[in-house]
Amino acid sequence: MKRQGSLLLILALLLAVCTACGGSQTPADGSASVNSNVSAADGSGGEAADAAEVEAALEQFLTSVYTTDDQGRYTAYLAEMEALDSGAGSGSAAYEEFSAEVTEAYYAGISPLVTEDLYTKLVQNRVPFKYDKRYADTPATVQDVTLTAQEDGYSYAVTLQIGGETETRSGELQWAEQDGSILVSYFYEAA
């Protein structure tokens, strides 16, 4: 309990120093100003990034995740797996190596948008594969992305067009700045 109190005191002092030095503040409504600077949501302490740049990176990631067969990834995956199934045996070492190559190719459009840790989690949880498979017959396209700045990242709402219907996905994102790039470091979809 003492440790939590100490951490809260340190955070309060850091916030006071940042505010006194002219650091950016989030408006009361939780939205981020396009011209404001925001610091890394993962606490990496990296240089402040422009909110518009952060939001553009987050939107690009969400669009790639939720758009069916983005950049032809699912079509290519199915073709490669069909060729594999008609050729090599499923228990061979060649199959495992080939499968890793197919997986890497499938995630080629997303991997430069995320941290290594998140990449691993996306592959393990088969995101966006589950959306590609679910909407293979009636493709989903992203119509709108709404991002709202939170204390430790962003909440999001994505409106999808699926056939003549719309659906909404929502959740939370965090980001980190690595080597001058804004990368998504955390992705959570609300159930």
Side-chain angles (χ1 to χ4, degrees), residues 7-8 10-68 70-71 73 104 106-132 140-161 166-191:
L7 288 174
L8 289 174
I10 291 169
L11 287 173
L13 289 172
L14 286 172
L15 179 62
V17 169
C18 183
T19 303
C21 293
S24 65
Q25 295 181 10
T26 303
D29 68 357
S31 63
S33 169
V34 173
N35 294 324
S36 69
N37 287 331
V38 292
S39 61
D42 69 348
S44 66
E47 288 187 29
D50 182 76
E53 181 183 1
V54 170
E55 291 175 5
L58 298 178
E59 185 172 340
Q60 181 181 7
F61 167 76
L62 290 168
T63 300
S64 183
V65 166
Y66 289 113
T67 299
T68 303
D70 188 46
Q71 299 177 21
R73 66 179 173 222
E104 188 176 306
Y106 179 83
Y107 285 93
I110 288 180
S111 62
L113 307 176
V114 299
T115 62
E116 280 187 47
D117 288 343
L118 182 57
Y119 176 81
T120 301
K121 289 176 184 171
L122 292 173
V123 172
Q124 288 172 346
N125 294 318
R126 300 171 53 100
V127 174
F129 184 83
K130 65 182 180 180
Y131 300 113
D132 284 343
T141 56
V142 173
Q143 294 297 304
D144 184 52
V145 175
T146 303
L147 297 166
T148 305
Q150 304 291 319
E151 186 174 322
D152 61 346
Y154 282 83
S155 63
Y156 73 86
V158 175
T159 304
L160 301 175
Q161 182 71 38
T166 60
E167 290 186 22
T168 302
R169 302 284 185 269
S170 62
E172 297 175 5
L173 297 167
Q174 291 180 350
W175 59 276
E177 189 169 355
Q178 293 180 357
D179 300 324
S181 297
I182 304 300
L183 303 176
V184 180
S185 61
Y186 175 79
F187 170 71
Y188 168 76
E189 182 180 52

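Heavy-atom basis, side chains included; hydrogens, waters and symmetry copies ignored. Just so you know, residue 1 is the first one in the sequence shown, and it goes up from there.
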Report, one line per pair, each donor and acceptor closer than 3.5 Å where one atom sits in a side chain of residues 58-65; sequence neighbours left out.
{"from": "Thr63", "atom 1": "OG1", "to": "Glu59", "atom 2": "O", "distance (Å)": "2.9"}
{"from": "Ser64", "atom 1": "OG", "to": "Asp70", "atom 2": "OD2", "distance (Å)": "2.9"}
{"from": "Ser64", "atom 1": "OG", "to": "Arg73", "atom 2": "NH1", "distance (Å)": "3.4"}

Before giving the answer on side chain to side chain contact (heavy atoms under 4.5 Å, CB included), spell out for Thr68 and Asp132 the whole-Å C-alpha distance, their side-chain angles and the decisive distance to 0.1 Å. CA-CA 5 Å; Thr68 303; Asp132 284 343; 4.2 Å; yes

Given the rule in the side chain to side chain contact (heavy atoms under 4.5 Å, CB included) test, do Thr168 and Val158 qualify, once you have shown the distances and angles that lead to the verdict? CA-CA 5 Å; Thr168 302; Val158 175; over 6 Å; no

Audit row: Trp175, Val184, side chain to side chain contact (heavy atoms under 4.5 Å, CB included) steps and yes/no: CA-CA 4 Å; Trp175 59 276; Val184 180; 5.6 Å; no

Run the side-chain hydrogen bond (donor to acceptor under 3.5 Å, both in side chains) check on Gln143 and Thr141 step by step: do they pass? CA-CA 6 Å; Gln143 294 297 304; Thr141 56; 3.2 Å; yes

Could you check Tyr131 against Arg126 for side chain to side chain contact (heavy atoms under 4.5 Å, CB included), going step by step and ending with a plain yes or no? CA-CA 9 Å; Tyr131 300 113; Arg126 300 171 53 100; over 6 Å; no

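In this structure Glu53 satisfies the salt bridge (charged side-chain N to carboxylate O under 4.0 Å, His left out) test with no other residue, sequence neighbours excluded.
The minimum heavy-atom distance between Pro112 and Ala108, with the atom names listed, is CD-O, 3.1 Å. Taking all atoms of both residues into account, the shortest heavy-atom contact from Pro128 to Tyr107 is CD-CE2, 3.5 Å. When every heavy atom of Ser185 is checked against every heavy atom of Ala176, the shortest pair comes out as OG-N, 4.0 Å. Ser155 and Gln150 get closest at one heavy-atom pair: OG-NE2, 3.2 Å. Closest approach of Glu55 to Leu147, counting heavy atoms only: O-CD1, 3.5 Å. Here the closest heavy-atom approach between residue Phe187 and residue Tyr66 is recorded as CZ-OH, 3.6 Å.
Within 6.0 Å of CD on Glu116 lie no more than 12 heavy atoms contributed by other residues, nucleotides or ligands. Heavy atoms from other residues, nucleotides or ligands lying under 6.0 Å from CD of Glu167 number more than 12.
In this structure, the separation between CD on Glu177 and OG1 on Thr115 is 14.0 Å, given to the nearest 0.5 Å. Note that OH of Tyr106 and CG of Leu122 are 10.5 Å apart. Values are rounded to the nearest 0.5 Å. Taking CD from Glu172 and OH from Tyr154, the interatomic distance works out to 13.5 Å, rounded to the nearest 0.5 Å. For the atom pair CG (Leu173) and OH (Tyr186), the distance works out to 9.5 Å, reported to the nearest 0.5 Å. Remark: Leu113 CG to Leu183 CG distance equals 8.0 Å, nearest 0.5 Å.
At least one donor-acceptor pair closer than 3.5 Å links the side chain of Asp50 to the backbone N or O of Ala52.
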